[in-house]
Amino acid sequence: MIDFTDVVKTYPNGTVALNGVNLHINDGEFVFVVGASGAGKTTLMKLLLREEKATSGTITVDDTDLSKLSYFKVPYYRRKLGVVFQDFRLFPKKTAYENVAFAMQVVGTPNKKIKRRVPALLNTVSLGEKANSFPHEMSGGEQQRVALARALANNPKIIIADEPTGNIDPKMSLEIMNLLLKINKLGKTVLVVTHEKDLVDYFQQRVIMIDGGHVSDDRVGGMLE
Amino acid sequence: MKQYRPTYFIGQAFAGIWRNGVMSFASIAVLMSCLVVLGSFSLLVANIDVNLEDLGLMNQIVVFVKKETPEDGIKAMEREIKNIPYVGEVTRVTAEEALEQMKEQAGDEGYLYDMVQDDNPLLDSFILEYVDGSHYSDIMYNLGQLDGVDSIRDQRSLANTMQSLKNGIMLVFSWFLIVLFIVSVFVIINTVKLSVYSRKAEISIMRYVGATGLFIATPFVIEGALIGLTSSMLAFIVEYFLYGYVQNSMGKAIEIIRLIPLSDVSVPVFFAFAAVGVLTGVIGSTISLSKYTRN
């Protein structure tokens with residue numbers, strides 16, 4: 001599903017963010033990507049989202065070689081991904097329903113389908129009752145669940161969550177992680193970038209550790225001390 | 001099947017204009033002014049063209065007779081002029097008649113010509129019409145060969161003056177137009193940039209959920225086009241009343257000048273304004289978007 005082969009990313013100012021990363025993630029896997037600040041996690045995300053291009057090496061996602069992906073095809077590639085951010089990135093002036101629906105409108109989904117799918121998605125994340133609430137009327141956990149529903153809106157193959165629990169309390173963090181696991185059970189490949197050791201240890205999934213721009217550890221279970 | 005709702009794009013475009021009200025207003029004001037100047041110059045040139053055509057249709061030459069020429073000589077001259085090929089009607093205007101005409105034209109100030117009544121400085125003249133403009137040079141040559149000719153004047157010199165005036169106006173107009181167009185495009189670029197900037201977060205989310213560049217750009221291009229269209233409508237209203245005013249005052253003051261009727265120019269001016277306005281808006285917004293809609 002996701003393949004990094006000898007991936008190097010050097011920024012124009014000379015910073016080497018990734019230095020020969022090799023990793024393989026199978027279809028339907030649940031993976032934590034961990035590492036200290038500046039280790040290269042964000043660059044890895046940017047490369048996956050095709051915000052940046054690798055300086056050398058190849059990245060293949062669902063049989064798409066990202067280095068050969070043309071400018072015009074990038075939006076269509078991104079539709080295979082569902083992204084969740086630490087700061088939720090919801091539209092403050094749209095309701096929960098509208099936020100989720102927007103992701104579908106953007107890719108040209110017919111209204112009929114939107115009206116059927118959005119309530120179902122909100123129910124999946126237990127927010128059916130909050131469909132008409134605005135982000136400022138919801139807790140951090142609820143907002144993140146709306147973001148999750150939005151990430152699922154276009155039925156992507158891969159969910160990428162960048163520090164999804166960074167802005168919410170521990171109890172809610174567990175809830176969000178459980179939701180991500182449920183999503184994984186539906187057959188989606190889930191990549192969670194985090195630095196929260198407790199969560200990683202608790203869920204005992206595959207952990208890829210990035211350090212100094214390369215993969216320093218790749219194992220199933222908790223994080224290294 | 002994919003369904004992009006036009007109402008979404010148009011709604012977003014209006015929201016953008018509303019959100020950056022002051023800049024939108026400034027853009028509309030600048031573009032409207034540019035269009036009014038553009039329209040005024042174009043109408044001026046069009047009217048000069050029409051009057052040039054009128055002058056060409058006059059086909060008149062005035063031959064002035066030397067002062068000391070006796071009456072017999074003048075009559076002989078008249079016969080000779082009438083014999084020149086392609087010369088049509090020939091009318092003699094005596095120096096006294098010419099003075100009377102001048103007095104009449106001067107109206108209340110006509111009495112001033114009484115001072116020169118006894119020593120009339122004007123000359124006898126012949127106004128002749130030629131039937132075929134292509135023989136103009138031959139006629140002028142033959143007239144030049146006549147005895148007793150003081151000078152020859154025709155409408156061609158006036159036409160030439162108007163032609164050079166028109167060329168001058170066209171030159172100034174072209175430069176003006178280029179400068180104004182650039183200014184308008186820049187103002188619209190800034191307005192749309194502000195609009196894009198205020199929706200930066202929204203655009204970044206749109207990118208992550210897989211929106212195409214076209215989907216992201218369309219509302220902003222419509223916003224630019226709407227600014228252009230509004231400017232052109234307002235410019236048309238201003239131009240309509242301005243031209244009407246000029247036509248009324250000029251028509252009364254200088255009867256020799258013919259102005260194209262308002263009804264004949266309103267439709268082409270309307271469409272020209274709309275086309276230039278919308279095009280400027282679209283170009284401005286497209287330039288301002290190139291940086292922001294990149295992946």
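Excluded from the calculations below are hydrogen atoms, water molecules and symmetry mates; all remaining heavy atoms, backbone and side chain alike, are included. Note on naming: letters A, B, ... go to the chains in the order of the sequence lines (proteins, then strands), and numbering restarts at 1 for each one. Model, not experiment: these values are computed from the prediction.
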(message) Is A/Tyr77 in contact with chain B via its backbone, its side chain, both, or neither, using a 4.5 Å heavy-atom distance?
(response) neither
(request) Begin with the C-alpha distance, continue with both residues' side-chain angles, and end with the deciding distance and a verdict on side-chain hydrogen bond (donor to acceptor under 3.5 Å, both in side chains) for B/Asn248 and B/Tyr243. (result) CA-CA 8 Å; B/Asn248 279 336; B/Tyr243 191 73; over 6 Å; no
(request) For A/Lys73 and A/Thr64, test the side chains for any donor-to-acceptor distance below 3.5 angstrom and give the result as yes or no. (result) no
(message) I'd like to know which of A/Phe85, A/Phe91, A/Phe102 tops the heavy-atom pair count under 4.5 Å against chain B.
(response) A/Phe91
(request) Give me the contact list for residues 136-153 of chain A versus chain B, heavy atoms only, anything under 4.5 Å, ordered by residue number. (result) A/Arg150
(request) Under 4.5 Å, counting heavy-atom pairs only, tell me which of A/Gly82, A/Ala103, A/Pro156 racks up the most with chain B. (result) A/Ala103
(message) Are more than 12 heavy atoms, taken from residues, nucleotides or ligands other than A/Tyr11, located less than 6.0 Å from that residue's OH atom?
(response) yes
(request) Tell me, please, which residues at least two apart from B/Ser42 pass side-chain contact (heavy atoms from CB on, under 4.5 Å). (result) B/Leu38, B/Phe173
(message) Within the 3.5 Å criterion, strictly below it, is a donor on A/Thr43 or A/Glu52 matched to an acceptor on the partner's side chain?
(response) no
(message) A/Ser173 vs A/Glu196, test: side-chain hydrogen bond (donor to acceptor under 3.5 Å, both in side chains). Steps then yes/no.
(response) CA-CA 10 Å; A/Ser173 296; A/Glu196 291 187 51; 4.6 Å; no
(request) Using distance alone, with no hydrogens and no angle criterion, decide if A/Lys188 and A/Asn155 have a side-chain donor and acceptor under 3.5 Å apart. (result) yes
